[in-house]
Amino acid sequence: MKTAVEELSPTRVKLTVEVPFDELRPSMDAAYKKVAQQVRVPGFRPGKVPARIIEQRFGRAVVLEETLNDAVPKLYGQAVDEVDVFPVSQPDIEVTKIDDGEQIEFTAEVDIRPNFEVPDYAGTEVTVDAATVSDEDVDAQLDALRQRFATLTGVERPAAGGDFVVMDLRAEIDGVNIEEQQASEVSYEVGAGSVLQGLDDALEGMSAGEEKSFKTELVGGENAGEEADVIISVKAVKEKVLPELEDEFAQLASEFDTLDELKDSIREQARRTKLIDQVVQTREKALDALLEKIDIPLPESALKAEIDARKHNLDHQVAESGLSRDAFFRLYQTTEEERFAEFETNSAKALKVGFVLDKIVKSEDLGVSEQELTNFVVRRAMEMGVQPNELAKHLADNDQLTLAMVEIVRDKAKSVLGDAAKVVDTDGNEVDLKAIYTEINGEEVVEEDEAPAEEKAEA
């Protein structure tokens, strides 16, 4: 087989492949067997029709077509490996020449990863947030803990922002009750920002036993988008009471006996979290600094596929929410146009990041061990709330283990970038990543799998 490469653009090539007929023999034998199974010839059992009879009855063109259908995709893969290009799209293949018994020729146009050089990244200067823990950091963590142990107490006064109300809701259009737009004994925090526009304004000032209606646009169900009268019946008003910051609270919320011990623990946890944040920031900022030095043309098909995938995921999220499209974007305080603009920007960056990290993976000869793959599956299963063996089976059954390994080696490439950087914090202090690894992971150097630092931060 002989392959010639023609560069159509920095991101697209045309392969011209010439194949001697002898190399088609395995596919041709398979083609005869397949056709023999499909045709019926008197005097022969299915699958036992000789090749010469098939050609006499149905013509050699039938066999050649089946042969090429089987052989050309395989030959295309071989040609790609031979010329060392990295396709990022499905090829447009055309068989351009068939000399029966001699050779065939086909062309394949395909978008590829562009050629570029990765600049030297050793000593990239990176500034990260300082790992200093302030009293405000500790107070914020304490307040979050108090919120978790807050109680709701009924009050005999009008509802205000931050209060919780228990209410019944129903909706009417032109005086007709909408059956699916009813809910009873709903608990809601006033001011939380309901997708039902006008609800918070209506609730403020209402007391238990009062009823009020307001006009708004329905956000779900068959009448989504239509204007309706929503009737609220408040059954109770409750205020959130936070526990006092004292030793008794420390004993309730933690394993510590005193509030001072709890604060010390929170301060230490916050410090370790900030150290891990320094590692994450170093890697991301070192990568961003490298990206700024490289101009990489992006294949249009790959960029379109990335954007379309994000749009598809968005459509799925909207459908799963049960909200109208307008209500969904209102809930997340954005618009469809803004999200689409983000998709274009983020998709372009994601492609560029992938291209650069893959280059580093190759130059640094990074690989994936069985233990690293196991760690990845276990970690991802915990995030998804499923059993690791179930996730492993799903990945294997859907041919996604390769994607998992790509994600692992790309993360390792980020680690290489971070470890090669010169890092200081915002206070001007030098940051020693190896010292952070030692403290967080209990290891001198983390080479095979940097994930434990992030895992412990999540814990």
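Heavy-atom basis, side chains included; hydrogens, waters and symmetry copies ignored.
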Inset, instruction - Not counting sequence neighbours, which residues clear salt bridge (Lys or Arg N to Asp or Glu O under 4.0 Å) with Asp135? List them please. - result: Arg267

Inset, instruction - Mind checking side-chain hydrogen bond (donor to acceptor under 3.5 Å, both in side chains) for Gln147 and listing every partner two or more places apart, or none if nothing turns up? - result: Lys240

Legend entry - Side-chain donor/acceptor of Lys352 to backbone N/O of Leu291, under 3.5 Å: yes

Legend entry - Residues that Asp315 engages under side-chain hydrogen bond (donor to acceptor under 3.5 Å, both in side chains), provided they are two or more places apart: Arg325

Inset, instruction - Could you pull out the closest heavy-atom pair between Ile296 and Pro114, with the gap in Å? - result: CG2-CG, 3.4 Å

Inset, instruction - Applying salt bridge (Lys or Arg N to Asp or Glu O under 4.0 Å), name anything that partners Glu18, two or more places apart in sequence or on another chain. - result: Lys2

Legend entry - side-chain hydrogen bond (donor to acceptor under 3.5 Å, both in side chains) partners for Glu226, two or more places apart: Asn223

Inset, instruction - Test the Lys97-Phe106 pair against the cation-pi criterion, namely NZ or CZ under 6.0 angstrom from the six-membered ring centroid and within 45° of the ring axis. - result: no

Inset, instruction - May I ask you to decide if Asp129's main-chain N or O and Gln278's side chain share a donor-acceptor pair within less than 3.5 Å? - result: yes

Inset, instruction - With Lys311 as the cation and Phe340 as the aromatic partner, state whether NZ or CZ is under 6.0 Å from the six-membered ring centre and within 45° of the axis. - result: yes

Legend entry - Within-4.5 Å side-chain heavy-atom neighbours: Pro91 and Glu109: no

Inset, instruction - Apply ring pair (Phe, Tyr, Trp, His ring centres under 6.0 Å) to Phe328 and list each qualifying residue two or more places apart in sequence or on a separate chain. - result: Tyr332

